[in-house]
Amino acid sequence: MSGTVRIMYMGTPDFAVPALEALAEPAANGSVSRELVSVVTQPDRPRGRGHRLAPSPVKARAMEMGLPVAQPESLRGNAEWEETLANAAPDLIVVCAYGRILPIETLRYPRLGCVNIHASLLPRYRGAAPIHRAVESGDSETGVTLMYMSEGLDEGDMIASRSMPIAGIDTGGLHEALSKLGAELLMDEFDAIISGTAGREPQDSSAATYAPPVKKDEGHIDFSADAAAVCRKVRAMTPSPGAYAYLGDEKIRIWKAEAEPAEQSGLREDYSNNGRFSEGSDRAAAKEPDCAAAKKPDCAGPPAPGKIIGTDGGTIAVAAGQGETVTITMLQSPGGKPMPASDWLRGHIIGKDTAFR
RNA sequence: CGCAGGGUAGAGCAGUUGGUAGCUCGUCGGGCUCAUAACCCGGAGGCCAGGGGUUCAAGUCCCCUCCCUGCAA
């Protein structure tokens with residue numbers, strides 16, 4: 001039936017799965033019928049422990065749903081790809097985190113164009129790591145944008161966007177939420193895209209910002225930053241690439257940390273003996289050892305950033321910059337699994353001068 | 001066949017050169033105290049991941065399997 005729209009979906013990681021599932025659903029009553037004629041994803045690559053060849057999440061899901069999958073090595077000047085495209089003869093290509101730049105020939109192929117789901121409120125955070133950067137920057141909200149693709153990096157005209165508050169959610173949580181939000185947005189705009197009545201607003205390039213890929217070492221927490229910044233960093237880097245700091249020569253992953261209100265940091269009078277310091281279990285002593293050691297009459301100097309200043313109540317209080325305190329509530333030793341700080345503390349004796357670096 | 005660290009009591013860990021399983025927390029009972037997430041005393045709770053082997057004797061040594069984790073991709 002000529003009334004059926006042929007769709008090609010291109011995506012690779014988990015983030016692209018919800019949209020795939022949504023497209024695979026039969027169209028709702030009253031909508032134009034559609035057929036997902038081809039799912040394109042990155043070739044299986046050796047991944048994970050053991051370097052076993054593994055399919056991408058999108059491929060795995062597509063196979064489960066019995067959809068035809070194509071995994072071209074390259075899209076540029078590749079006869080195999082041209083053939084795939086010609087056979088699928090898509091009217092529309094939907095792209096979501098495919099992982100490769102689409103050549104102009106491909107962008108021009110479908111009569112209804114190519115649309116892309118991007119995990120930010122464009123024109124902010126064009127590029128590879130929009131979610132990480134939004135969290136790291138302390139933005140109060142982020143979202144997803146559906147747009148027509150152009151040759152530039154995430155520069156296409158916007159169809160619509162949807163926002164959500166970031167609140168205390170980490171990158172992992174937002175990743176999941178935004179992937180679903182993106183799928184919803186796609187479906188809501190779907191009929192309009194088919195009928196050619198979808199919105200088409202050019203991006204204000206002067207307001208554009210870029211979200212460069214996150215490098216591994218960006219996860220190394222610098223405790224000399226203020227407490228709020230440390231916590232943002234932890235949330236931004238969780239679960240990937242992971243926030244960490246060194247305790248001795250052990251690389252400790254930090255999964256959750258909270259900024260302790262400044263006004264509270266100064267007056268924690270409850271020196272519970274719960275915190276098991278190896279000697280002189282008095283937390284007060286642990287709090288100002290520098291002064292004592294330096295024989296300074298004035299003990300107003302805050303503990304050095306990174307120093308563990310207390311382990312009350314099953315959490316780990318660490319000195320941050322500006323005399324502030326960050327409380328670690330979930331962490332992971334190398335080779336171990338992530339665990340609440342209370343559990344972690346059972347197996348680790350913290351000395352008075354123990355500090356993260 | 002990428003590299004590496006693990007799987008021991010409900011939780012987190014220790015267990016030295018092989019010799020009958022310990023610690024902290026929790027839990028149960030009792031005590032102390034004006035009081036306590038405090039302290040004291042006592043108890044319960046483990047086929048030491050699974051399978052094979054070496055040995056008088058294996059958590060501990062050797063081989064295999066399963067599972068977990070970090071790194072690297």
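By convention in this document, chain letters (A, B, ...) are assigned in the order of the sequence lines, proteins followed by strands, and residues within each chain are numbered from 1. Keep in mind that the numbers below use all heavy atoms, side chains included, and drop hydrogens, waters and symmetry copies.
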In the strands shown, is [N] matched to any nucleotide by a Watson-Crick or G-U wobble pair with both distances under 3.5 Å, and which?
| N | result |
| --- | --- |
| B/C71 | B/G2 |
| B/C66 | B/G7 |
| B/G42 | B/C28 |
| B/A21 | none |

Take atom [atom1] in [N] and the same atom in [M], then report the distance between them in whole Å.
| N | M | atom1 | value |
| --- | --- | --- | --- |
| B/G7 | B/G12 | P | 11 Å |
| B/A11 | B/G45 | C1' | 13 Å |
| B/C25 | B/A21 | P | 22 Å |
| B/C61 | B/G6 | P | 11 Å |
| B/U8 | B/C47 | P | 12 Å |
| B/U20 | B/U36 | C1' | 41 Å |
| B/G22 | B/A9 | C1' | 11 Å |
| B/G59 | B/C48 | C1' | 5 Å |

Could you work out the complete set of other residues in the hydrophobic cluster of A/Ile104, with links drawn between I, L, V, M, F, W and Y side chains under 4.5 Å apart?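 For the cluster that includes A/Ile104, the remaining residues are A/Met8, A/Met10, A/Val40, A/Leu75, A/Trp81, A/Leu85, A/Ile93, A/Val95, A/Tyr98, A/Leu102, A/Leu107, A/Tyr109, A/Met149.
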For A/Arg133, give me all partners under salt bridge (Lys or Arg N to Asp or Glu O under 4.0 Å), at least two apart in sequence or on another chain.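 So A/Arg133 forms a salt bridge (Lys or Arg N to Asp or Glu O under 4.0 Å) with A/Glu136, A/Glu218.
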Partners passing salt bridge (Lys or Arg N to Asp or Glu O under 4.0 Å) against A/Arg47 (at least two apart in sequence or in another chain):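 Once residues adjacent in sequence are excluded, A/Arg47 has no partner under the salt bridge (Lys or Arg N to Asp or Glu O under 4.0 Å) criterion.
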Could I get the full list of ring-ring contact (aromatic ring centres under 6.0 Å, His included) partners for A/Trp344, not counting sequence neighbours?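 Only A/His348 meet the ring-ring contact (aromatic ring centres under 6.0 Å, His included) criterion with A/Trp344.
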Looking only at the aromatic ring of each residue, does the gap between the centers of A/Phe356 and A/Phe223 stay below 6.0 angstrom?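 When the ring centroids of A/Phe223 and A/Phe356 are compared, they turn out to be within the sub-6.0 Å range.
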Quick check on A/Met63: does its CE atom have over 12 non-hydrogen neighbours (other residues, nucleotides or ligands) under 6.0 Å away?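 No, because the 6.0 Å sphere around CE of A/Met63 holds 12 heavy atoms or fewer from other groups.
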With the criterion being N/O to N/O and under 3.5 Å, what pairs connect the protein with nucleotides 48-50 of chain B, and how long is each?
none

In whole angstrom, give the distance that lies between atom [atom1] of [X] and atom [atom2] of [N].
| X | N | atom1 | atom2 | result |
| --- | --- | --- | --- | --- |
| A/Met330 | B/A11 | CE | P | 16 Å |
| A/Asp343 | B/G12 | CG | P | 6 Å |
| A/Leu53 | B/G2 | CG | C1' | 14 Å |

Expected output: side-chain A/Thr41 to main-chain A/Gly11 donor-acceptor under 3.5 Å: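 Yes.
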Test your reading of the model: is there a side-chain donor-acceptor pair from A/Ser333 to the backbone of A/Gly336, 3.5 Å cut-off?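 Here the side-chain-to-backbone pair does not exist.
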Over 60° means perpendicular and under 30° means parallel, so tell me whether A/Tyr244 and A/His220 are parallel, tilted or perpendicular.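 Judged by the thresholds at 30° and 60°, the geometry between A/Tyr244 and A/His220 is tilted.
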Under 4.0 Å between a Lys/Arg side-chain N and an Asp/Glu carboxylate O for A/Arg6 and A/Asp91?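 No, A/Arg6 and A/Asp91 are not salt-bridged.
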What is the glycosidic conformation of B/C41: syn, defined as within 90° of 0, or anti?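 Base orientation: anti.
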Let me spell it out: for each of A/Trp344 and A/Arg52, pick the nucleotide of RNA chain B with the closest heavy atom. Which residue's pick is nearer the 5' end?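 The answer here is A/Arg52.
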Letter per nucleotide, 5' to 3', of nucleotides 67-73 of chain B [B base touched, S only sugar-phosphate touched, - untouched; heavy atoms, 4.0 Å]: --BBBBB
